[in-house]
Amino acid sequence: MAKYPEYKTLDLPSREKEILQFWEEQHIFEESISSRDGKPPFTFYEGPPSANGLPGIHHVMSRAIKDIFCRYKTLKGFQVKRKGGWDTHGLPIEIAVEKTLGIRKEDIGKKISVEDYNKECRREVMKYKEAWEDLTRKMGYWVDLEHPYITYENKYIETCWWLLKQFYEKELLYKGYTIQPYSPAAGTGLSSHELNMPGAYRNIKDTSVVAQFKIVLNDDAKRILNVVPKEEVYLLAWTTTPWTLPSNSALAVGKDITYIKVDTFNPYTHDRVAVVLAEAVKEKYFPEKYSSIPFEEYEQGIVKNVPYKITDHILGKNLKGLKYEQLLPYVQPQGKAFEVIIGDFVSTEDGTGIVHIAPTFGADDFRAAKQSGIAPILVRDENGNDVPLVDKTGRFVKEVTDFAGEFVREEYLTHEEKEAERKKQGGDKYLSVDERIAIKLKKENKAFKVEKYEHSYPHCWRTDKPILYYPLDSWFIRTTAKKERLVELNKNINWKPESTGTGRFGNWLENLVDWNLSRSRFWGIPLPVWRTEDTKEEKCIGSIEELKSEIQKSISAGFMDTSHLEHIDAMRDDFDLHRPYVDNIILVSPAGKKMVREKDLIDVWFDSGSMPYAQFHFPFENKEAFQKSFPADFIAEGVDQTRGWFFTLHAIAGMLFDSIAFKNVVSNGLVLDKEGNKMSKRLGNAADPFETIEKYGADATRWYMLTNSQPWDNLKFNEEGIKEGQRKFFSTLYNTYAFFALYANIDGFTYKEKEVPLAQRPEIDRWILSELNSLIRFADENYNDYEPTKVARAIQDFVSDHLSNWYVRLCRRRFWKGDYTEDKISAYQTLYTCLETVALLMSPVAPFYAERIFKDLNNATGKIKWKSVHIADFPQYNSKYVDKNLEERMELAQKISSMVLSLRKKANIRVRQPLQKILLPATDNDFVNNVTAMKELILAEVNVKELEFIPDDSDILVKKIKPNFRVLGKKAGNKMKEITSLIGTFSQKEIAQLEQKQKLDVQVSGEAIMLLPEDIEITYDHIPGREVASDGRVTVALETTITEKLHEEGIAREFVNRVQNIRKDKGFEVTDHISVVVKKHPRLTPSVLANKVYICAEILAASLSFTDNISESDSVPVELDDDISTLIKISKA
RNA sequence: AGGCAAGUAGCUCAGUGGUAGAGCGUCCGUCUGAUACGCGGAGGGUCAAAAGUUCAAUUCUUUUUUUGCCUACCA
């Protein structure tokens, strides 16, 4: 006959290894998909990890979340395909390779060929593939790693090219420039990563200038600034980089900042001027103490301090549109310029509250100017390209006549160069460009203040020289053109938590800038754009086929030879769409000119954002498969991906397909160490996922991570928490199963009997089934709502509080006492159903142990046709089983039992000692009915013989009254405080009156208010002369008198307990019958004899006798009470 | 600097416009033929701070503050 396996210990890690073997041998994962053939699909996209680093514990977290919902949806009957993937490009890989080879970026192409370098990258990126696969397996994450998509494969790249061409054709892909950190000395742009290296930011002293920009006094200006005759008005703006002043083309103010117009003198030229600056910075330039100096005294040279007078206040937004004269007119702009604009970044922290805007040399400047339609200052170089006033070596162009060919920062000059310059200048000391600009401005009444200013400024880590912010060519996706649509589409995405979608992601979309795709690296997807040298003609290639035909043309034009053609085949090993191969391809333009590829690679985020299409090699293959699985139903990654993968998926889908890419997204928080610090290998506080799983098991780890905090909250990872979950949940569940298995095996229960109808099951069974069905419903709703934490916590509470510590505890005897009756079968069926259902409900979160229990149960009964819990169907909620009233009644019974036990404790009477009676005030009919229904259960639980109600109007009850704030508050309003204190003074008589008449008139602040029963809450305070326990509306008193008869029963119970212990110690089977011989004892013998039938039934005794002579060697000494000791001898009957 | 989130008992977390809870830990006690991986009890809180709205705020609003993440790094 089929048996339920019994285990010596829980040992989760061992159980998991067995299950893992079972899954693999039986191909359960594959079957969980194939068994759903023809069912509706549920689409999941796997965000590809990069295998060039070892997986961490946080990966267990994010992958557990992915796994949970895929498993859940499978149980719900969906077909959930999940293709794994690998992210293979990107800077971290290149840097790792550079480190391994001991080279730098500039060595690539010199010390090592691009071809060999990329070979290294290709190897590097899969360095830890095995470790990743191992973790995936061990943690129980089901994803298809047999057929993953890999971003470096030709097919994958081809789809990306196709996508880029779609952008290109919609005129959403263009070449432009942005302001980026640039090192003129090294001749290269710097990544933000390089700028964040320690030591990159250093303090340097710069010449700072507050420049005077002369306002053009047209009618508007006169009106806005209240200009008086002969007044000349200047805007004051501060800069620490005077060399950018020739490139100034706008001034920015804050729209809500208040500005003042000040009548004063220029401290260098002593000219009378009116200057505008933020009121908040006035003290810095115009100390209060100078305000009283008469202007004449300064003019006459009597005082040196500059006097001033505030003549007007203007709000920033009113300054918008004012025109001013160009400060240093070397080069004229092509378009609107020299206007006051609004900048959201303007502050009054330093400077003047007016910001000098040089669109070619500042990121904020560039953006603000673009928004306001302000033109940058550019010159045309010999190639006919527009370039800024400073060239790529860091020198002024010739158009800046006074400083033509000079380095803008003195740090770029060598010692010798400086010396030569000094001689040319004719001074004692070399004067930098900044200093000479300052001098020039001073002379021309254009500088208001010049001083040295020390600040932190980024430096190039290679050359140690300060960087410049410089416009560099880049390819962009014009995301701003589709901004509104992307915002709109985002509203159809269900974000967990919602705030990430509306806040972090929503704000990001609102403030979208064009997506800079360019990366000047080697290992990545090459930008498929070819251009003629004069940039007049260009071509974007969208497929290998197209590339082939273009090469054909190029061969015809004589730019390439035919040998190139034979390689062009995605299936060939020697064909590769990476650099350097694509760089060697020269195409021909329609006009017959040579075209070479733009050197850039594309942002790796484009790779991963393309995965919905590229994983299927769409549109070249699998069109149908793609269409069926787009958009995804569900994705999940860390919240740090908001601007990464989440965005690129959204941008590509929204801009090219006018669709969202995913319907539901869970963004989980970080995993921190137990102190709340970020985990890092350097600090040595990073938890090793392999060790953790080996030690505690994947289930306990997963369970802990999901029950401890919501996925989107940060998790303070603490091994103690895993242990707690093991104890509280897994051990309890294991014990419950072990209990079931022990007795079911003895009784041969295999669920062969007909289902005992609900109505014929005892109340306790109906209760746990009601709780179980409530749990099914709750779990289903919350899984469906992507709330795994709520589900797992609810399952845990059910198992530990309801199932183990109440149902099983109360039902123990039903399992091991008596014959195989309907009641016993009902108990088995009920407990079996609970265990089986719990296994199903928990299986998404704890897939291993759920499988163990499911198999152990199902192998014995064959009740469910599926061989795995993960292929079975989600439990069906049945409202017929739910009886909320019963659930409440049981809660009441638990409460009363607990209160009686606490009274026993107070009186120091152990539970084995039976007591006569408990007394309960009869609050109302419902209460009486509910308690009466639970009477037997309560009495058995607390070992008391009777339960009696005290009539509510009985004199012995003392009542307590307090307002029902919720109800009375609405009625009484601002008299609440008074009423509360009035009610507090009520006597027993007044309470009784209120109860009898169902109302009570009271006076509050001279106003009559009628108190009704619903306005107040009456509870029982105490019962004079008795120990009582109160909890909310329930009060219990316990009769603690122990009669002789009760005492004897107590002794009998103690006796049973001792014998049971001896049985257990001796290793008897629970079914063994025994003979018992006891040494006579005057206090014990009568008690035992009086309860002999009961005792013999409990301990399965065939005989029970007393004797005077018993040898100590084959008997056991026991102590039954403080003054009762004896010897007991038991043997198998 | 901006955005988002969090701040409740020693720890981990629930919760609510009506006078604050659980688990763990601590201390005391105790049961058990599934279970010391249990059970009962005690102690422990200005619900981060302040102001406002309200009869009533831990809860709503504003400000401040601490922590974490993301973005930016600037005249």
> Has A:Asn714 got a side-chain N or O lying under 4.0 Å from the OP1 or OP2 atom of B:G68?
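So the side chain of A:Asn714 is outside the cut-off, no N or O lying under 4.0 Å from OP1 or OP2 of B:G68.
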
> For Watson-Crick and G-U wobble pairs within 3.5 Å on both distances, what is RNA chain B written in dot-bracket notation, | included for inter-strand pairing?
(((((((..((((....[..)))).(((((.......))))).....(((((..]....))))))))))))....

> Does the base of B:U19 carry an N or O that pairs as donor and acceptor with the side chain of A:Arg966 under 3.5 Å?
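When only heavy-atom distances are counted, A:Arg966 does not reach the base of B:U19 through any donor-acceptor pair under 3.5 Å.
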
> Please pick, from B:A34, B:G68, B:C13, the nucleotide with the shortest atom-to-atom distance to any side-chain atom of A:Leu670.
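Closest nucleotide among those given: B:G68.
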
> Grab the CG-C1' distance between A:Asp713 and B:U8 for me, whole Å please.
14 Å

> Are OP1 or OP2 of B:G3 and a side-chain N or O of A:Arg504 less than 4.0 angstrom apart?
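No, outside the criterion.
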
> If I take atom CD1 from residue A:Ile979 and atom CG from residue A:Leu968, how far apart are they, to the nearest 0.5 angstrom?
5.0 Å

> Please determine whether a side-chain nitrogen of the Lys or Arg among A:Arg727 and A:Glu720 lies less than 4.0 Å from a carboxylate oxygen of the Asp or Glu.
no

> Please report, rounded to the nearest Å, how far the C1' atom of B:U12 is from the CG atom of A:Leu715.
10 Å

> Nucleotide by nucleotide, 5' to 3', does protein get under 4.0 Å of the base (B), only the sugar-phosphate (S), or neither (-) in nucleotides 38-48 of chain B, counting heavy atoms?
SSBS-------

> Is there a donor-acceptor pair under 3.5 Å between the side chain of A:Thr648 and the backbone N or O of A:Trp605?
yes

> I'd like to compare against my own output: the B/S/- annotation of nucleotides 52-63 of chain B with a strict under-4.0 Å heavy-atom distance to protein.
---B--------

> Can you tell me how far C1' of B:G10 sits from CD of A:Glu720, to the nearest Å?
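It works out to 14 Å between those atoms.
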
> On the side chain of A:Ser804, is there an atom forming a donor-acceptor pair with the base of B:A34 - under 3.5 Å, no angle test?
yes

> State which of B:C74, B:C13, B:C24 makes the closest approach to the side chain of A:Asp364.
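Out of B:C74, B:C13, B:C24, the nucleotide with an atom closest to A:Asp364's side chain is B:C74.
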
> Nearest whole angstrom, please: distance from the P of B:C24 to the CG of A:Asp797.
12 Å

> Among B:A34, B:U12, B:C73, which nucleotide sits nearest the side chain of A:Asn708?
B:U12

> Please tell me which of the listed nucleotides, B:C4, B:U35, B:G23, lies nearest to the side chain of A:Ser499?
B:C4

> Nearest whole Å is fine: how far is B:U35 P from A:Asn735 CG?
8 Å

> Could you tell me the separation between the CG atom of A:Asn248 and the P atom of B:C74, rounded to a whole number of Å?
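A:Asn248 atom CG is separated from B:C74 atom P by 18 Å.
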
> Should A:Tyr734 be listed as having a side-chain N or O under 4.0 Å from OP1 or OP2 of B:U35?
no

> If the threshold is 4.0 Å, N to carboxylate O, is there a salt bridge linking A:Arg809 and A:Glu941?
yes

> Taking the basic N atoms (NZ, or NE/NH1/NH2) and the acidic carboxylate oxygens, is any pair closer than 4.0 Å for A:Arg1058 and A:Glu1054?
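Between A:Glu1054 and A:Arg1058 there is a salt bridge, with a charged N closer than 4.0 Å to a carboxylate O.
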
> To the nearest Å, how far apart are A:Trp712 CH2 and B:G68 C1'?
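Going from A:Trp712 (CH2) to B:G68 (C1'), I get 18 Å.
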
> Look at the side chain of A:Tyr704 and the backbone N and O of A:Gln726, then say whether any donor-acceptor pair between them is shorter than 3.5 Å.
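No, A:Tyr704 side chain to A:Gln726 backbone: no donor-acceptor pair under 3.5 Å.
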
> Using whole Å, what does the distance between atom C1' of nucleotide B:A5 and atom CZ of A:Phe505 come to?
17 Å

> On RNA chain B, does the nearest nucleotide to A:Tyr704 precede the nearest nucleotide to A:Arg1058 from the 5' side, or the other way round? Give the residue.
A:Tyr704

